[in-house]
Amino acid sequence: MSTNYFEEDITSLHDALVNQKTTAAQLTADTLDQIQTKDKQTKAFITVAADEAKKQAAAADTQGITADRQLAGIPIAIKDNIITDGILTTAASKILTGFIPVYDATVTSRLKEAGAVLVGKTNMDEFAMGSSTENSYYGPTHNAWDLDRVPGGSSGGSAAAVAAGEVVAALGSDTGGSIRQPAAFNGIFGIKPTYGRVSRWGLIAFGSSLDQIGVLSRRVKDSAIVLQQIAGQDENDDTSLPAPVPDYLAAMDGNIKGLRIAIPEEYLGEGVAQGVRDAIEKAVDTLKKLGATVDMVSLPHTKYAVPTYYLIASSEASSNLQRFDGIRYGFRAKDVKNLEDVYVRTRSEGFGDEVKRRIMLGTFSLSAGFYDAYFNKAAKVRHLIQDDFTKVFADYDLIVGPTTPTPAFKIGEKVNDPVTMYMNDILTIPANLAGIPAASVPAGLVDGMPVGLQLMAKPMAEATIFKVADAFEAATQFYTQVPTAMKGEK
Amino acid sequence: MIDRDQVAHVAGLAKLQFTDDQLTAFTKQMEDIIAMADQLDEVDVGDTTPMYQVTNLSNVFREDKPEHWQTRTQLLQNVPEKEAGLIKVPSILDNGEGEA
């Protein structure tokens with residue numbers, strides 16, 4: 001049995017485990033070998049938890065892998081802002097140097113309960129602030145399709161690890177596009193569920209009204225299997241939604257006839273590269289051939305999404321990141337003269353520049369004299385952005401468009417120009433502001449680099465996204481392509 | 001717009017410090033970012049209410065009962081400096097307490 005993840009998915013691996021063609025121990029050993037080889041190129045992992053993974057795999061084998069436990073023995077990677085008991089968790093920041101959590105995030109414990117094997121922690125932009133994974137204290141991750149290009153961010157490590165065939169699926173988090181944009185840049189599927197669908201307990205907070213944990217995988221169905229396991233209310237997260245989680249796999253019946261799809265004209269504007277527009281038009285033709293009806297609509301406040309988001313997310317971040325003061329965990333500055341000095345020097349030496357910029361913007365927009373003009377104004381525009389979606393969803397089941405304005409850019413190209421970098425998120429941010437579920441599914445290559453089709457649905461309608469993404473995947477079969485930089489690798 | 005003195009003031013509120021060169025670079029970047037934020041001036045929000053969260057949930061209650069959670073040893077495990085089961089920090093004032 002092969003553990004070549006370009007040829008396997010969770011279902012085929014599960015079948016092999018149940019039929020005893022392989023064992024969890026063997027699968028984990030093969031996965032760790034592959035990570036060791038491929039990660040030299042992608043640098044997708046901050047920490048590979050080899051010993052812990054081997055123990056979990058042995059436990060899964062001992063317990064016995066039965067047909068009803070789809071994730072038992074399946075190796076999965078976790079973004080490094082999700083805490084893992086006993087395994088280094090840094091959020092890619094110097095300020096969390098040496099931090100070993102003493103409990104698990106809810107998603108971590110739910111994966112462990114399912115018998116999944118947690119193989120390691122993936123690289124990201126520091127505290128999930130960024131769109132390229134260049135803002136990592138541990139150095140950049142490289143795109144599996146072109147090692148000179150960024151993998152996107154902030155879940156760039158999770159995306160590159162999946163795209164390079166290091167793991168079959170990975171968890172990410174998405175505050176303004178941090179799952180969907182890297183999924184698009186790496187030619188894989190990635191879903192940000194409805195805000196509140198997945199517990200944030202144990203997710204290191206960035207923008208608490210926007211953050212949501214989700215899944216990245218090569219195959220749509222694999223994300224559905226993982227989300228099924230991690231979704232649902234959690235008493236430790238008061239913002240987790242008290243609604244039952246539907247059977248996602250049952251919804252994936254391949255039939256999208258009569259589905260009403262909207263394309264916002266603002267998502268095909270002049271800021272979007274011609275090649276991307278062409279790929280999206282072709283994707284929309286595919287959806288029409290599958291039986292969906294497609295109309296152009298307007299989301300008129302789209303162009304205000306980026307400033308709205310940066311004010312709200314940064315304000316929430318400036319509050320959330322107050323806890324990093326050098327007292328209870330992580331890095332503490334040396335040779336300090338008093339307690340105030342511990343706080344100021346620890347934070348000044350421990351945070352990277354992008355995190356400082358956002359803390360500064362957030363502190364400014366919440367400060368006396370500026371609150372009404374900045375933070376509160378943004379909160380009102382956020383309401384208008386949500387209203388735009390509500391109006392469209394009165395008549396449509398799904399909104400589609402490009403995930404990003406361009407394919408992956410070169411490492412170093414935008415990192416010193418924050419505003420240009422921020423504009424890259426214009427098409428993904430609105431879904432976070434509105435709290436709706438959204439995903440990116442591969443829509444082809446432009447000049448050799450992948451492009452993503454974004455699918456946005458009504459609150460709680462992840463099943464609609466899975467159904468359409470699965471039908472689209474079956475029609476286009478992008479997953480059969482191996483990333484250029486990984487050819488010759490297994 | 002935002003000037004260098006305002007950036008220095010905000011840095012103080014955020015418990016961050018910058019060198020002169022860093023402050024110059026940050027002021028320029030903050031100017032660009034706030035110019036981007038000022039695009040919201042164009043939006044007529046009328047009587048729209050601010051939206052701070054999207055769940056529409058409020059006052060989620062649970063029973064107020066004690067639970068065994070983490071041990072003192074676990075809670076202190078990540079502390080950078082500790083002594084005798086306590087977190088150790090420098091004095092609040094430069095030359096020790098009481099000499100202000």
Side-chain angles (χ1 to χ4, degrees), chain A residues 98-100 102-103 195-196 209 235 238-239 241-242 301 303-304 306-308 310-311 318 322 325-332 336-345 347-348 351 356-357 359-361 363-365 367 374 376-384 386 418-419 422 434-435 459, chain B residues 2 6-7 9-19 22 25-26 29-30 32-57 59-62 69-71 73-81 87 89-96:
Chain A
F99 174 61
I100 312 275
V102 294
Y103 64 100
Y195 180 85
S209 79
E235 64 171 15
D238 290 346
T239 62
L241 297 169
H301 295 92
K303 73 171 179 169
Y304 301 111
V306 172
T308 300
Y310 278 91
L311 288 168
S318 73
Q322 285 181 57
D325 58 7
I327 304 298
R328 290 156 297 157
Y329 36 68
F331 168 75
R332 182 189 285 188
V336 287
K337 55 181 194 285
N338 58 35
L339 188 58
E340 175 76 5
D341 213 27
V342 173
Y343 301 147
V344 173
R345 293 263 312 284
R347 290 166 63 80
S348 300
F351 290 136
K356 288 177 185 169
R357 273 192 284 275
I359 290 173
M360 295 283 286
L361 175 63
T363 305
F364 168 78
S365 80
S367 66
Y374 290 98
N376 222 34
K377 179 74 183 267
K380 289 176 184 174
V381 179
R382 181 181 189 179
H383 207 160
L384 295 175
Q386 189 191 44
V419 172
Y422 296 172
Chain B
I2 188 164
Q6 279 175 301
V7 173
H9 169 69
V10 171
L13 294 175
K15 301 239 183 278
L16 292 171
Q17 67 185 15
F18 296 104
T19 64
Q22 286 172 330
F26 257 76
Q29 288 173 338
M30 289 292 288
D32 291 348
I33 295 167
I34 288 167
M36 176 188 81
D38 285 336
Q39 287 172 41
L40 298 187
D41 291 347
E42 298 167 17
V43 187
D44 177 8
V45 291
D47 56 0
T48 307
T49 51
M51 192 173 90
Y52 303 117
Q53 58 110 329
V54 296
T55 62
N56 298 318
L57 297 171
N59 297 338
V60 178
F61 292 108
R62 61 174 166 78
W69 183 234
Q70 289 152 332
T71 64
T73 315
Q74 282 179 311
L75 287 170
L76 285 168
Q77 194 174 298
N78 282 289
V79 171
E81 283 184 62
I87 297 174
V89 295
S91 61
I92 299 201
L93 301 169
D94 283 2
N95 302 311

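Chain A is the first sequence line, chain B the second, and so forth, proteins listed ahead of strands; every chain is numbered from 1.
- Residue contact with chain A, scored on non-hydrogen atoms closer than 4.5 Å, involves the side chain of B:F18 exclusively.
- With values rounded to the nearest 0.5 angstrom, B:T49 atom OG1 is found 12.0 Å from A:R382 atom CZ.
- In this structure, the side chains of B:N78 and A:R328 stay at 4.5 Å or more apart for every pair of heavy atoms.
- Proximity to chain A (any heavy atom under 4.5 Å) is restricted, for B:M30, to the side chain, taken from C-beta onward.
- Side-chain atoms of B:S91 do not come within 3.5 Å of backbone N or O of A:N338 as any donor-acceptor pair.
- Using a 4.5 Å cut-off between heavy atoms, A:L311 contacts chain B through its side chain alone, with no backbone atom that close.
- Ranked by non-hydrogen atom pairs under 4.5 Å with chain A, the options B:D32, B:I34, B:D41 are led by B:I34.
- Both the backbone and the side chain of B:Q39 come within less than 4.5 Å of a heavy atom in chain A.
- Counting heavy-atom pairs closer than 4.5 Å to chain B, the top-ranked of the candidates A:Y310, A:Y103, A:F331 is A:Y103.
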Item checked: Audit row: A:Y329, B:Q77, side-chain contact (heavy atoms from CB on, under 4.5 Å) steps and yes/no -> CA-CA 8 Å; A:Y329 36 68; B:Q77 194 174 298; over 6 Å; no

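- Of the listed residues (A:Y195, A:F364, A:Y343), the one with the most heavy-atom contacts under 4.5 Å to chain B is A:F364.
- With respect to B:E81 and A:R332, a salt bridge is recorded, a charged nitrogen being found less than 4.0 Å from a carboxylate O.
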Next item on the list: Check step by step if side-chain contact (heavy atoms from CB on, under 4.5 Å) holds for A:Y374 and B:L40.
Entry: CA-CA 8 Å; A:Y374 290 98; B:L40 298 187; over 6 Å; no

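- Top candidate by heavy-atom pairs under 4.5 Å with chain A, chosen from B:L76, B:T71, B:L75, B:V89, is B:V89.
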Next item on the list: Verify side-chain contact (heavy atoms from CB on, under 4.5 Å) between A:K380 and B:M51, making sure each step is shown before the conclusion.
Entry: CA-CA 6 Å; A:K380 289 176 184 174; B:M51 192 173 90; over 6 Å; no

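- For A:S365, no part lies near chain B; criterion is any non-hydrogen pair under 4.5 Å.
- Considering OH of B:Y52 and CG of A:N376, their distance stands at 3.5 Å, rounded to 0.5 Å.
- A:Y304 and B:E42 share a side-chain donor-acceptor pair at under 3.5 Å.
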Next item on the list: Given side-chain contact (heavy atoms from CB on, under 4.5 Å), test A:M360 with B:L16 step by step and report yes or no.
Entry: CA-CA 9 Å; A:M360 295 283 286; B:L16 292 171; 4.1 Å; yes

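- Residue contact with chain B, scored on non-hydrogen atoms closer than 4.5 Å, involves the backbone and the side chain of A:A378 alike.
- Atom CG of A:D325 is separated from atom NZ of B:K15 by 10.5 Å, given to the nearest 0.5 angstrom.
- For B:I87, the part sitting under 4.5 Å from any heavy atom of chain A is the side chain, from C-beta outward, and nothing else.
- Comparing A:Q322, A:R357, A:R345, A:E340 by heavy-atom pairs within less than 4.5 Å of chain B, the highest count is held by A:R357.
- One distance of note links CD of B:Q17 with CG of A:D341; it measures 7.0 Å at 0.5 Å rounding.
- Of the listed residues (A:K303, A:H383, A:E235, A:Q386), the greatest number of heavy-atom pairs within a distance under 4.5 Å of chain B belongs to A:H383.
- Proximity to chain B is absent for every atom of A:S318, based on heavy atoms less than 4.5 angstrom apart.
- Counting heavy atoms from C-beta outward, B:Q53 and A:T239 have side chains that stay 4.5 Å or more apart.
- Interface summary for chain B: among A:P459, A:S348, A:S367, A:S209, the most heavy-atom pairs under 4.5 angstrom belong to A:S348.
- A:T363 approaches B:A14 most closely through the heavy-atom pair OG1-CB, 3.6 Å.
- Side-chain contact check for A:I327 versus B:P80: every heavy-atom pair is 4.5 Å or farther apart.
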